[in-house]
Protein chains: 2
Amino acid sequence: MPSRTVSIKPYALFFQALANQTRMQLLHLLSEKGGMSVSEICSELGLEQTHVSHNLKCLTFCGLVTPSREGKSRIYSINEQTVLPLLKVVDNHLRNYASNLFTCDVLER
Amino acid sequence: MPSRTVSIKPYALFFQALANQTRMQLLHLLSEKGGMSVSEICSELGLEQTHVSHNLKCLTFCGLVTPSREGKSRIYSINEQTVLPLLKVVDNHLRNYASNLFTCDVLER
DNA sequence: CTGTCATATGACAAGGGTGTCATATTAATC
DNA sequence: GATTAATATGACACCCTTGTCATATGACAG
């Protein structure tokens, strides 16, 4: 029996939000360019509006981005407190321990 | 056009490795108890051997754990350089920005 | 080199996530 | 309040991941 039982599901759910190319694109874009509206994001990445909205909702639900009204549009900004250190750790990891991930399409198992 | 085009896929793949309850269990267990053999992990978590092996391979592929021979068994240890800071960031995030993840089964979108 | 323990691999059915289509909501303007 | 711009929501088919079963590989002992 484990000494302390941590609730695992929230962690998996959190990472699931990041385990998707579209959502990673969104985070990278917003961390570079700051707050953007949905339509700006769409034209910048060449993606459909509904596609972007769905994925922004997922990121919002996980507290990774936050929307704010501005006229008719909504400006989405990243949670810098989390996203910046997170990407920094992962950058470092990919470079040092997982360079193979750059040349594969699927995870081995 | 984005000023610098980052390769997004590796990031998504990396997080995909973490987006799974079993694999999160493995990482938490190994980060608490240090190196363990497959059978030790199995009995500790009450999981099937093949199930554990499959998921360890996935984590190994991503550089999150490393195996080393010890007689007939293999001892798996986590990559502390990555896993510990990563879990720290996520712990903090879940507490401050995503407490709702503790009471849900699926991601909203 | 045979038997056995420990772990890895392959294949497959079931379930869940993904993007897209159609449509609803919300806000501003006239 | 009708219209239009901006975004959100719902539903659904496809695909990929998941866990499990059966089996293979590897290492040590005798």
Side-chain angles (χ1 to χ4, degrees), chain A residues 8-9 11-27 29-30 35-62 64-77 101 104-109, chain B residues 8-9 11-27 29-30 35-62 64-77 101 104-109:
Chain A
I8 296 294
K9 207 183 292 181
Y11 289 85
L13 284 173
F14 173 78
F15 285 119
Q16 197 179 315
L18 298 161
N20 173 279
Q21 283 201 57
T22 303
R23 292 193 288 272
M24 282 308 300
Q25 274 189 289
L26 295 175
L27 290 182
L29 181 62
L30 292 177
M36 292 178 77
S37 72
V38 177
S39 49
E40 283 173 332
I41 296 173
C42 288
S43 59
E44 183 79 16
L45 297 178
L47 297 174
E48 277 199 20
Q49 180 261 314
T50 50
H51 186 193
V52 169
S53 278
H54 273 306
N55 286 293
L56 281 172
K57 175 156 191 183
C58 179
L59 292 175
T60 306
F61 184 69
C62 288
L64 288 164
V65 303
T66 320
S68 63
R69 275 240 163 260
E70 191 165 296
K72 276 184 276 190
S73 25
R74 281 196 185 180
I75 306 299
Y76 282 88
S77 328
L101 289 187
C104 71
D105 285 343
V106 193
L107 290 184
E108 250 183 54
R109 75 158 203 158
Chain B
I8 296 296
K9 206 183 290 179
Y11 289 85
L13 284 173
F14 173 79
F15 285 119
Q16 198 179 315
L18 299 161
N20 174 278
Q21 282 201 57
T22 303
R23 292 192 288 271
M24 280 309 299
Q25 274 189 289
L26 296 175
L27 290 182
L29 181 63
L30 293 177
M36 293 177 76
S37 73
V38 177
S39 49
E40 284 173 332
I41 296 173
C42 288
S43 58
E44 182 80 16
L45 297 179
L47 297 175
E48 276 198 21
Q49 180 262 312
T50 50
H51 186 193
V52 170
S53 278
H54 272 307
N55 285 293
L56 281 172
K57 175 155 193 185
C58 180
L59 292 174
T60 305
F61 184 69
C62 289
L64 287 164
V65 303
T66 320
S68 63
R69 275 242 164 256
E70 190 165 297
K72 275 185 276 191
S73 27
R74 281 197 185 179
I75 306 299
Y76 282 88
S77 328
L101 289 186
C104 70
D105 285 344
V106 193
L107 290 184
E108 251 183 53
R109 74 159 204 156

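Below, chain A is the first sequence line, B the second, and so on; all start at residue 1.
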Atom pair CG (B:Leu59) and CE (B:Met24), whose distance is rounded to the nearest 0.5 Å: 9.5 Å
Stepwise side chain to side chain contact (heavy atoms under 4.5 Å, CB included) check, A:Tyr11 with B:Leu101: CA-CA 8 Å; A:Tyr11 289 85; B:Leu101 289 186; over 6 Å; no
Partners of [X] by side chain to side chain donor-acceptor pair (under 3.5 Å), sequence neighbours excluded?
X: A:Lys9; result: B:Asp105
X: B:Thr66; result: none
X: B:Tyr76; result: none
X: A:Gln49; result: A:Ser53

Taking only N/O atoms, report every protein-nucleotides 3-8 of chain D pair under 3.5 Å with atom names and distance.
{"from": "D:dA5", "atom 1": "O4'", "to": "A:Lys72", "atom 2": "NZ", "distance (Å)": "3.4"}
{"from": "D:dT7", "atom 1": "OP1", "to": "A:Val38", "atom 2": "N", "distance (Å)": "3.3"}
{"from": "D:dT7", "atom 1": "OP1", "to": "A:Arg74", "atom 2": "N", "distance (Å)": "3.4"}
{"from": "D:dT7", "atom 1": "OP2", "to": "A:Ser39", "atom 2": "N", "distance (Å)": "3.0"}
{"from": "D:dT7", "atom 1": "OP2", "to": "A:Ser39", "atom 2": "OG", "distance (Å)": "2.9"}
{"from": "D:dA8", "atom 1": "OP1", "to": "A:Tyr76", "atom 2": "OH", "distance (Å)": "2.3"}
{"from": "D:dA8", "atom 1": "OP2", "to": "A:Ser53", "atom 2": "OG", "distance (Å)": "2.7"}
{"from": "D:dA8", "atom 1": "N7", "to": "A:Gln49", "atom 2": "NE2", "distance (Å)": "2.8"}

Axial bend angle, the helix from C:dC1-D:dG30 to C:dC30-D:dG1: five-pair end segments, nearest 10°: 30°
Inter- and intrachain pairs under side chain to side chain donor-acceptor pair (under 3.5 Å), touching residues 16-26 of chain A, at least two apart: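 Non-adjacent pairs meeting side chain to side chain donor-acceptor pair (under 3.5 Å): A:Thr22-A:His51, A:Arg23-A:Asn55.
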A:Leu26 side chain near A:Val52 side chain, heavy-atom distance below 4.5 Å: yes
pair A:Leu56-A:Pro67: side-chain heavy atoms closer than 4.5 Å: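 Contact flag for A:Leu56/A:Pro67 side chains = no.
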Derivation and outcome, side chain to side chain contact (heavy atoms under 4.5 Å, CB included), residues A:Leu18 and B:Leu18: CA-CA 9 Å; A:Leu18 298 161; B:Leu18 299 161; over 6 Å; no
Trace of the side chain to side chain contact (heavy atoms under 4.5 Å, CB included) decision for A:Leu47 with A:Cys42: CA-CA 5 Å; A:Leu47 297 174; A:Cys42 288; 5.5 Å; no
Can you name the atoms? Protein N/O to nucleotides 16-19 of chain D N/O, anything below 3.5 Å, with the distance.
{"from": "D:dT17", "atom 1": "OP1", "to": "B:Gln16", "atom 2": "NE2", "distance (Å)": "3.2"}
{"from": "D:dT18", "atom 1": "OP1", "to": "B:Asn20", "atom 2": "ND2", "distance (Å)": "3.2"}
{"from": "D:dT18", "atom 1": "OP1", "to": "B:Arg23", "atom 2": "NH2", "distance (Å)": "2.9"}
{"from": "D:dG19", "atom 1": "OP1", "to": "B:Thr22", "atom 2": "OG1", "distance (Å)": "3.0"}
{"from": "D:dG19", "atom 1": "OP1", "to": "B:His51", "atom 2": "NE2", "distance (Å)": "3.4"}
{"from": "D:dG19", "atom 1": "OP2", "to": "B:His51", "atom 2": "NE2", "distance (Å)": "3.1"}
{"from": "D:dG19", "atom 1": "O5'", "to": "B:His51", "atom 2": "NE2", "distance (Å)": "3.2"}
{"from": "D:dG19", "atom 1": "N7", "to": "A:Arg109", "atom 2": "NH1", "distance (Å)": "3.1"}
{"from": "D:dG19", "atom 1": "N7", "to": "A:Arg109", "atom 2": "NH2", "distance (Å)": "2.8"}
{"from": "D:dG19", "atom 1": "O6", "to": "A:Arg109", "atom 2": "NH2", "distance (Å)": "2.4"}

Opening and closing nucleotides of DNA chain C in contact with chain B, under 4.0 Å to non-hydrogen atoms: C:dC5 to C:dT20
For B:Glu108, salt bridge (charged side-chain N to carboxylate O under 4.0 Å, His left out) partners two or more places apart: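 So B:Glu108 forms a salt bridge (charged side-chain N to carboxylate O under 4.0 Å, His left out) with A:Lys57.
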